[in-house]
Student: 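If you scroll down you'll find the structure; I have some questions about it.
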Number of protein chains: 2
Amino acid sequence: MKNNDDKLISRNMKPTAMRELVLNALLEQNVAISLSDLEKKFDKADKVTLYRTLKTFEENKLIHSIDDGTGSVKYALCAENCQCNPHDLHVHFFCIKCKHTYCLNDTPIPSVTLPLGFEIKTINMVVKGTCANCKE
Amino acid sequence: MKNNDDKLISRNMKPTAMRELVLNALLEQNVAISLSDLEKKFDKADKVTLYRTLKTFEENKLIHSIDDGTGSVKYALCAENCQCNPHDLHVHFFCIKCKHTYCLNDTPIPSVTLPLGFEIKTINMVVKGTCANCKE
DNA sequence: AATAACTTTGCAACTTGGTTGCATAAACTT
DNA sequence: AAGTTTATGCAACCAAGTTGCAAAGTTATT
């Protein structure tokens, strides 16, 4: 757990019990997770606390949020030294069968040429379909 | 208005008064519009009716919906013969200054190579930044 | 033209995700 | 140990999206 403390500290957050639990939950996960998913993983935990914990994690770039079009925002751990710059960004994949949202960490977002005068700041790219596990 | 009737009829919808009004509102617009935006354009109109009208339009591929990450789904007219297939899809642009969501109809979504076993069905790609109008 | 059958509209009410305010508890400072 | 800051928990709220049901409007059938 010392390990996780360091993760929090290196991102300028105090390693409280709550934060460790949440970070742990995120580490266990190989898919992105919503606030209510997270809530279900704890017997007794206040939604607001979890909400604020996620917000704090996000602000400090320990996790990033994904809008996968399901209506609930998902969260996933950032890579070690991620600064959430455009070139840090990867494609996300939503499986319409198992409803899981994956970070395709090795699939960078392809570049787009925008019309004149449009300036890019960030991109959200979500591919939907069936994942490797659900392929029949 | 006969014009619009045809649009509705050709997409297999009965041209009711409500639908014509909504279609008209959409035609006036050069940006995508949310349900509550639409609501504001009518003095007296039930949210649910507008909601169902949009749903009907979407089902019949007269409009498409865009999840621009703002938390409210936007809608915009499809091109004439759009079938909303992956190759019909275009990039959307959300301007962080004026908060408008544009269809970049001439900017097709670039192709991505997914990890083995992942099969693409559709893509949502939203670029965020500043639009041509907001460029200083 | 009258009745039946179906479709669309409007109202009420609800669900869910996200959020704020405030009081308590915990941690850090001196 | 007292005071200050930070984190947590509860209640309550807001907005977006949605469903059920009854009334109004349309279309089809005789």
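Note on naming: letters A, B, ... go to the chains in the order of the sequence lines (proteins, then strands), and numbering restarts at 1 for each one. Note that the structure is predicted; figures quoted are calculated from it, not measured. Only this structure's heavy atoms are used, side chains among them; waters, hydrogens and symmetry mates stay out.
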Student: Contact between A/Tyr102 and B/Leu114 at the side-chain level, heavy atoms closer than 4.5 Å - yes or no?
Tutor: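 Side chain of A/Tyr102 against side chain of B/Leu114, heavy atoms only: no contact under 4.5 Å found.
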Student: Distance from B/Asn124 atom CG to A/Asp67 atom CG, nearest 0.5 Å?
Tutor: 7.5 Å
Student: For B/Asp46 and D/dT19, what is the distance between atoms CG and P respectively, to the nearest whole Å?
Tutor: 15 Å
Student: A/Lys40 NZ to C/dG17 C1': how many Å, rounded?
Tutor: 12 Å
Student: Judged by each residue's nearest nucleotide on DNA chain C, which is more toward the 5′ side, B/Met18 or B/Val48?
Tutor: B/Met18
Student: Base of C/dG18, side chain of A/Lys47 - is there a donor-acceptor contact under 3.5 Å?
Tutor: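 Such a pair exists between side chain and base.
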Student: Check whether any side-chain nitrogen or oxygen of B/Tyr51 sits under 4.0 Å from OP1 or OP2 of D/dT18, and answer yes or no.
Tutor: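 Answer yes for this pair, as a side-chain N or O of B/Tyr51 is under 4.0 Å from OP1 or OP2.
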Student: Quick check on DNA chain D: between B/Leu35 and A/Thr56, whose nearest nucleotide comes earlier from the 5' end?
Tutor: A/Thr56
Student: Just wondering, more than 12 heavy atoms not from A/Lys121 lying within 6.0 Å of its NZ?
Tutor: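 Count not over threshold, so no.
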Student: What is the distance, to the nearest angstrom, from the CG atom on B/Asp5 to the P atom on D/dT26?
Tutor: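 Between P of D/dT26 and CG of B/Asp5: 13 Å.
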Student: Rounded to whole Å, please give me the gap between CD in B/Glu39 and C1' in C/dC11.
Tutor: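 Taking CD of B/Glu39 and C1' of C/dC11, I get 13 Å after rounding.
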Student: Taking any heavy-atom pair under 4.0 Å as a contact, classify A/Lys14: base, sugar-phosphate, or nothing.
Tutor: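 Sugar-phosphate only.
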Student: Counting only heavy atoms and a strict 4.0 angstrom limit, can you tell me which residues of residues 68-77 of chain B come near DNA chain D?
Tutor: B/Gly71, B/Ser72, B/Val73
Student: Over how many whole Å does the gap from B/Met13 atom CE to D/dT26 atom C1' extend?
Tutor: 17 Å
Student: Between A/Val126, A/Val91, A/Ile109, which is the residue that forms a side-chain contact (heavy atoms from CB on, under 4.5 Å) with B/Met125?
Tutor: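 Only one option passes, and that is A/Ile109.
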Student: At under 4.0 Å, does any side-chain N or O of B/Thr16 touch on OP1 or OP2 of C/dT9?
Tutor: yes
Student: Would you say B/Val112 and B/Leu104 are hydrophobically clustered, going by side-chain heavy atoms of ILVMFWY under 4.5 Å?
Tutor: yes
Student: Without decimals, in angstroms, what is the distance between A/Phe57 CZ and D/dT8 C1'?
Tutor: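 It works out to 14 Å between those atoms.
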Student: Give the rounded distance in Å between these two atoms: CG of B/Asn12 and P of C/dT7.
Tutor: 14 Å
Student: If you compare every side-chain N and O of A/Thr49 against the phosphate oxygens of D/dG9 (OP1, OP2), does one of them come in below 4.0 Å?
Tutor: yes
Student: Tell me what A/Arg52 touches on the nucleic acid: a base, only sugar-phosphate, or nothing, going by heavy atoms under 4.0 Å.
Tutor: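 Base, at least one base atom sits under 4.0 Å.
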Student: Is there a side-chain contact between B/Asp106 and A/Pro115, using heavy atoms and a 4.5 Å cut-off?
Tutor: no
Student: Classify the ring geometry between A/Phe93 and B/Phe118 as parallel (under 30°), tilted (30 to 60°) or perpendicular (over 60°).
Tutor: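 It falls in the perpendicular class, over 60°.
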Student: Given atom CG of A/Leu8 and atom P of D/dT6, what is their separation to the nearest angstrom?
Tutor: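 Value for this atom pair: 17 Å.
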